[in-house]
Amino acid sequence: MGWDRNPRASRARTFDEAMALPLGQRDAHDLAHWSDDSLMAAVVARDVAAFSALYDRYAGLVYSTALRVLRDPQLAEDTAQEIFVRLWQRPEAFIPARGRFATWLLSITRNRAVDEVRARGRRRRREVEEREEQPLPLSAPEEVDPIHLAEVREEQRAVRAALATLPPEQRRVLELAYFGGLTHQEISAALREPLGTVKTRIRLGMQKLRAALERYR
Amino acid sequence: MRFEHVTQGEADEFALGVLEPEEQRRIAEHALTCEECRTRLLDAQRVAAMLALAPGLRPPPPRLKQRVMEAAGVSRRRAWLPRLARLSPIAAAAAAVVLAAAAFAAVVPLRAQIDDLRQENGRLQSQIDDALGQRVEIVALTHRLQSAEASAWEAQYEAQMDREMLLALLSPESDTAEVISVAEGYAPIGRLIWDGDQNRLFFVASRLPRLPDGLTYELWVNVDGEYRSLGTFNADSSGFARFVRYLPEGLASYESAVVTVERVGEPGRHGPGVFFVADLRALR
């Protein structure tokens with residue numbers, strides 16, 4: 001995704017460079033320009049300012065993802081808190097070699113939210129009745145770096161455009177799978193469609209999505 | 001049971017979490033030991049994670065950051081602030097004065113601590129700078145030492161060679177010939193010492209023209225009418241050359257010697273011709 005393409009800072013661009021700066025020169029403005037990996041390296045070194053910068057950068061995404069899955073602002077807030085606390089307590093769980101930070105963070109957020117939904121046993125009732133949600137306008141805390149924000153906007157436009165090219169039935173199964181946390185069988189039951197049809201729609205949808213988002217991955 | 005590689009479709013289903021738990025677990029276990037499948041799964045997860053952007057961003061509640069910081073243990077709890085808001089106006093005003101005084105009292109030692117920390121940081125930074133400077137000096141000294149050591153070895157080698165050549169000159173078993181320059185009208189420019197005692201041959205000469213790149217001097221000896229190469233050498237920038245060679249087995253004597261100019265890396269005679277002649281008969 002585009003928002004962790006190592007945006008450039010005026011003085012320090014990496015963790016090592018920033019550590020080389022005398023104390024006092026490494027301010028919040030600098031940290032807002034650090035790459036995700038550099039901030040995570042600083043979090044591993046127990047840098048509270050880096051943790052705060054990561055929160056500012058991703059709180060909106062984490063909260064929104066949790067809210068989209070859980071449909072409950074209070075539960076979404078609790079989940080977002082849990083994700084960031086886990087990030088601070090076990091930053092080594094993120095392994096840069098396995099992929100980008102944003103991917104990892106959104107994956108664990110979504111998985112945690114889905115677990116919560118399943119634990120509460122509310123999923124089936126809600127998903128069947130669920131209506132198509134209108135995309136929300138993008139908004140973000142003022143602390144977020146404008147370059148980062150612009151990249152998120154670009155990514156969002158690309159994802160929405162890619163989804164818009166899918167037939168509604170393919171888009172629907174992808175949403176039920178990702179945000180609803182439903183299995184093949186559960187989607188099949190919820191939509192009253194044969195299992196094979198559901199599988200085909202998922203595979204075709206992901207195939208098109210992958211092709212459309214090639215340059216953002 | 002052997003597990004087949006994960007297909008792209010299965011990777012997508014895995015990333016979306018639509019597989020039944022048993023299948024999800026089997027794929028995850030397989031990916032632990034199969035890099036190819038792991039890469040495919042990670043890529044599928046990247047695509048799936050982008051779906052999180054589709055609904056749009058909602059700003060988190062402003063209080064969430066404070067909650068996160070407190071829960072992570074990196075921020076002090078400020079539970080007293082809401083309590084203050086619940087006090088009556090007079091009590092709140094009194095509490096505010098008390099708090100202000102307390103805060104002022106707390107700020108003074110805190111500022112002193114910050115100043116101390118800044119000074120300490122300055123001292124540490126200075127020590128780090130000093131240590132880095134010393135490290136640079138040590139590296140420079142090490143380089144100089146290595147250079148001096150190399151020069152010493154070279155000088156020692158030269159002295160050893162001089163000593164051995166002197167022994168060869170003094171040995172009654174040695175033959176010494178004058179090296180004559182063809183280019184300079186047969187002027188003597190050096191010596192060729194055939195040391196049968198040490199079984200070595202010394203060639204020493206000066207005023208040798210500096211050869212262009214790709215050319216080298218080659219020493220030949222004539223044995224029974226046939227020239228045999230004893231190796232190549234080069235002159236230094238002043239035109240001086242000293243070439244020492246152990247005599248090949250079976251080579252007990254020679255009739256004459258020549259030095260030719262040859263092309264580097266091309267054994268045999270290729271060069272422009274004989275350059276120097278060592279005439280044994282002159283000094284034997």
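Each chain gets a letter, A, B and so on, in the order the sequences are listed, and its residues count up from 1.
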Please flag which part of A:Glu82 lies under 4.5 Å from any non-hydrogen atom of chain B: side chain, backbone, both or neither.
neither

Got more than 12 heavy atoms from elsewhere within 6.0 Å of CZ, A:Arg90?
no

Just checking B:Phe240: does its CZ atom have more than 12 heavy atoms from other residues, nucleotides or ligands closer to it than 6.0 angstrom?
yes

More than 12 heavy atoms of other residues, nucleotides or ligands under 6.0 Å from CD of B:Glu154: yes or no?
no

Could you check if a side-chain atom of B:Pro59 sits within less than 4.5 angstrom of a side-chain atom of A:Tyr63, using non-hydrogen atoms only?
no

Minimum heavy-atom distance between B:Ala54 and A:Arg160, given as atom pair plus value
O-NE, 2.9 Å

Just wondering, are more than 12 heavy atoms of other shown residues or ligands nearer than 6.0 Å to CD in B:Glu35?
no

Heavy atoms, side chains only, cut-off 4.5 Å: are A:Arg210 and B:Asp12 in contact?
yes

Grab the two heavy atoms, one from A:Glu77 and one from B:Pro61, that are nearest each other, plus how far apart they are.
OE1-CG, 3.3 Å

Taking the side chain as every heavy atom from C-beta outward, state whether B:Met69 and A:Ser52 have any atom pair closer than 4.5 Å.
yes

So, does A:Tyr55 use its side chain to make a donor-acceptor pair with the main chain of B:Lys65 at under 3.5 Å?
yes

Among residues 13-21 of chain B, which ones touch chain A with a heavy-atom distance under 4.5 Å?
B:Glu13, B:Leu16, B:Gly17, B:Val18, B:Leu19, B:Glu20

Strictly less than 4.5 Å between heavy atoms, which residues of residues 197-206 of chain A line up against chain B? Please order them by number.
A:Lys199, A:Ile202, A:Arg203, A:Met206

Does some side-chain heavy atom of B:Arg67 sit less than 4.5 Å from a side-chain heavy atom of A:Asp78?
yes

Closest heavy-atom pair and its distance - B:Ala72, A:Val85:
N-CG2, 3.9 Å

One pair to check against side chain to side chain contact (heavy atoms under 4.5 Å, CB included): B:Val68 and A:Ile83. What are the steps and the verdict?
CA-CA 9 Å; B:Val68 166; A:Ile83 292 296; over 6 Å; no

I need the A:Leu213 CG to B:Met50 CE distance, nearest 0.5 Å.
4.5 Å

Test item: B:Arg58 side-chain N/O and A:Ser64 main-chain N/O as donor-acceptor pair under 3.5 Å
no

Looking only at heavy atoms, what is the nearest atom pair of A:Phe179 and B:Leu51, with distance?
CZ-O, 3.1 Å

Between B:Ala49 and A:Tyr178, what is the shortest heavy-atom contact and its length?
CA-OH, 3.6 Å

Side chain of A:Gln156, backbone of B:Leu53: donor and acceptor closer than 3.5 Å?
yes

